[in-house]
Amino acid sequence: MNLALLRVFGILIAVHELNRLVRLLLQVTMGDEGESFTDIAPMILASVAIILVGIIVFAKKSAKLLRVFSVIMIIVSIVGGINFARVYLGLQFSPGIGFLLQRLADHFINMFMVVYFVSLFMGGMKTPEGSRVNLSLLRFCAIVFLVDGFGFLVHIGYDHSVPVIIMTAASIAAGVVALVKNNTLVLKAFAVCSILWLLWTHIEFVRTNMFGAYHVANAIVGIVLSAHLVVCITTFFIDVEESKFYLQKLKALFFKWKNLT
């Protein structure tokens, strides 16, 4: 079993649910929707339980717990998607079938569906003796970027902006090249671009909302507790020696530039 991948899955589950929990608390304490802690108590308890699952998977390396949790979440996702489609199609007025397909794509084409399905087959994933490269981590990160790219494709019909189109193409290209060539460098390069994209989109979100305290807090949570950020950081642990090599190169360039100035 690939313990590094198992730990990453535990971190992803905990971070993603912690993000949701903090947003819920911000909504109650800073939002203007008039909700109280009593209203969201069941959601808070569910989030705490899921965070504990992630922590146990990470700390105890419990693959069995992860598999059980993944099966439950796959069933919940399928039932939730079917129920949403049933209710949506029963509405007298709706934005149209395109909106429904977009929401279902967001629901099923995402990194956590990758996590849940990969978790079921983790038993045979091992890092070969003497190998610097953790192929399981590489393939997971590549598939996540590929899935994110296809997720972007769904939104291109509604958002034709150049940055979205570029990120869509780059995400799919990085995933394909990394999978075919086992190329870790292309994953690292795209991860850096993706982190910059994450920062830029949240800064734009805050700016368009006039730098309100609630929106600033939401943006900080969205950046710091981002599951996508976890995947981007993970790319630098696929081949630690390579990452150290390029870090040394960057440090040398920085000190060279500093001496010149």
Side-chain angles (χ1 to χ4, degrees), residues 7-59 66 69 73 76-77 80 84 102-103 105-116 140-141 144-145 147-149 151-152 154-155 158-159 161 163-164 167 171 190-237:
R7 291 190 182 107
V8 168
F9 285 178
I11 294 170
L12 281 171
I13 291 167
V15 167
H16 178 67
E17 202 57 37
L18 185 58
N19 181 310
R20 183 170 175 267
L21 176 59
V22 174
R23 285 178 187 274
L24 279 172
L25 297 176
L26 285 176
Q27 189 175 310
V28 172
T29 56
M30 301 178 69
D32 53 5
E33 296 181 14
E35 288 184 308
S36 66
F37 284 103
T38 306
D39 297 326
I40 63 169
M43 290 183 282
I44 290 175
L45 291 174
S47 290
V48 170
I50 294 173
I51 291 167
L52 287 175
V53 168
I55 292 172
I56 293 169
V57 168
F58 175 81
L66 180 60
F69 175 76
M73 293 308 296
V76 168
S77 297
F84 175 80
Q102 180 187 351
R103 289 297 299 271
D106 287 341
H107 188 71
F108 290 110
I109 305 175
N110 59 69
M111 77 166 73
F112 283 95
M113 292 306 288
V114 176
V115 169
Y116 301 148
F140 168 71
C141 292
V144 166
F145 290 153
V147 167
D148 279 349
F152 278 130
V154 176
H155 294 274
Y158 300 89
D159 187 351
S161 64
V164 170
M167 285 301 293
S171 188
F190 179 74
V192 172
C193 295
S194 199
I195 291 170
L196 294 175
W197 169 265
L198 178 71
L199 292 170
W200 180 73
T201 53
H202 281 84
I203 290 170
E204 279 295 294
F205 168 78
V206 170
R207 186 182 64 81
T208 54
N209 285 283
M210 306 297 291
F211 297 92
Y214 173 69
H215 300 295
V216 171
N218 254 306
I220 292 171
V221 172
I223 293 169
V224 176
L225 298 176
S226 167
H228 191 76
L229 179 62
V230 173
V231 175
C232 290
I233 293 172
T234 299
T235 62
F236 295 93
F237 292 90

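Values below: all heavy atoms of this structure, side chains included; hydrogens, waters and symmetry mates excluded. Keep in mind that this is a model prediction, so the values were computed, not measured.
When the side chain to side chain contact (heavy atoms under 4.5 Å, CB included) test is applied to Ala49, no partner is found at least two apart in sequence or on another chain. Residues satisfying the ring-ring contact (aromatic ring centres under 6.0 Å, His included) test with His215, not counting sequence neighbours, are Phe205. The ring-ring contact (aromatic ring centres under 6.0 Å, His included) search around Phe112 returns His16, not counting sequence neighbours. Under the ring-ring contact (aromatic ring centres under 6.0 Å, His included) criterion, Phe237 pairs with no residue at all, not counting sequence neighbours. Partners of Val48 under the side chain to side chain contact (heavy atoms under 4.5 Å, CB included) rule, at least two apart in sequence or in another chain, are Leu21, Ile44, Leu52. In this structure, the side chain to side chain donor-acceptor pair (under 3.5 Å) partners of Arg23, at least two apart in sequence or on a different chain, are Asn19, Asn218.
Screening residues 195-217 for salt bridge (charged side-chain N to carboxylate O under 4.0 Å, His left out), with sequence neighbours left out, gives Glu204-Arg207. Among residues at least two apart or in separate chains, there is no salt bridge (charged side-chain N to carboxylate O under 4.0 Å, His left out) pair with a member in residues 209-232. Annotation: salt bridge (charged side-chain N to carboxylate O under 4.0 Å, His left out) contacts involving residues 222-237, sequence neighbours excluded, are absent. Pairs engaging residues 7-17 under the salt bridge (charged side-chain N to carboxylate O under 4.0 Å, His left out) rule: Glu17-Arg20 [sequence neighbours left out].
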* Asked: Can Val192 and Trp197 be said to form a side-chain contact (heavy atoms from CB on, under 4.5 Å), step by step?
  -> CA-CA 9 Å; Val192 172; Trp197 169 265; over 6 Å; no
* Asked: How far apart are the C-alpha atoms of His107 and Phe84, what are their side-chain angles, what is the distance that settles it, and do they pass the side-chain contact (heavy atoms from CB on, under 4.5 Å) test?
  -> CA-CA 10 Å; His107 188 71; Phe84 175 80; over 6 Å; no
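Side chain of Asn110 to main chain of Met113: a donor-acceptor pair is present (N/O by atom type, distance under 3.5 Å, no hydrogens or angles). Under the 3.5 Å distance criterion, the side-chain polar atoms of His202 are left unmatched by any main-chain donor or acceptor of Ile220.
In this structure the side chain of Met111 reaches within 4.5 angstrom of the side chain of Leu12, judged on heavy atoms.
Between Leu66 and the options Ile56, Ile13, Val53, a side-chain contact (heavy atoms from CB on, under 4.5 Å) holds for only Ile13. Of the candidates Phe152, Phe140, Phe190, Phe190 is the only one forming a ring pair (Phe, Tyr, Trp, His ring centres under 6.0 Å) with Phe145.
The two residues Val206 and Ala219 come nearest to each other via the heavy atoms CG2-CB, 3.3 Å.
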Under 3.5 Å, which donor-acceptor pairs link side chains of residues 221-233 to any protein atom two or more places apart or in another chain?
{"unit_1": "Ser226", "atom_1": "OG", "unit_2": "His228", "atom_2": "N", "d": "3.3"}
{"unit_1": "Ser226", "atom_1": "OG", "unit_2": "Leu229", "atom_2": "N", "d": "3.2"}
{"unit_1": "His228", "atom_1": "ND1", "unit_2": "Asp148", "atom_2": "OD2", "d": "3.0"}
{"unit_1": "His228", "atom_1": "NE2", "unit_2": "Ser194", "atom_2": "OG", "d": "2.5"}

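Phe58 CZ to Phe9 CZ: the interatomic distance, rounded to the nearest 0.5 Å, is 14.0 Å. From Cys141, atom SG reaches atom CZ of Phe236 across 10.5 Å, with rounding to the nearest 0.5 Å. The line from OG of Ser47 to CE of Met43 is 8.5 Å long, rounded to the nearest 0.5 Å.
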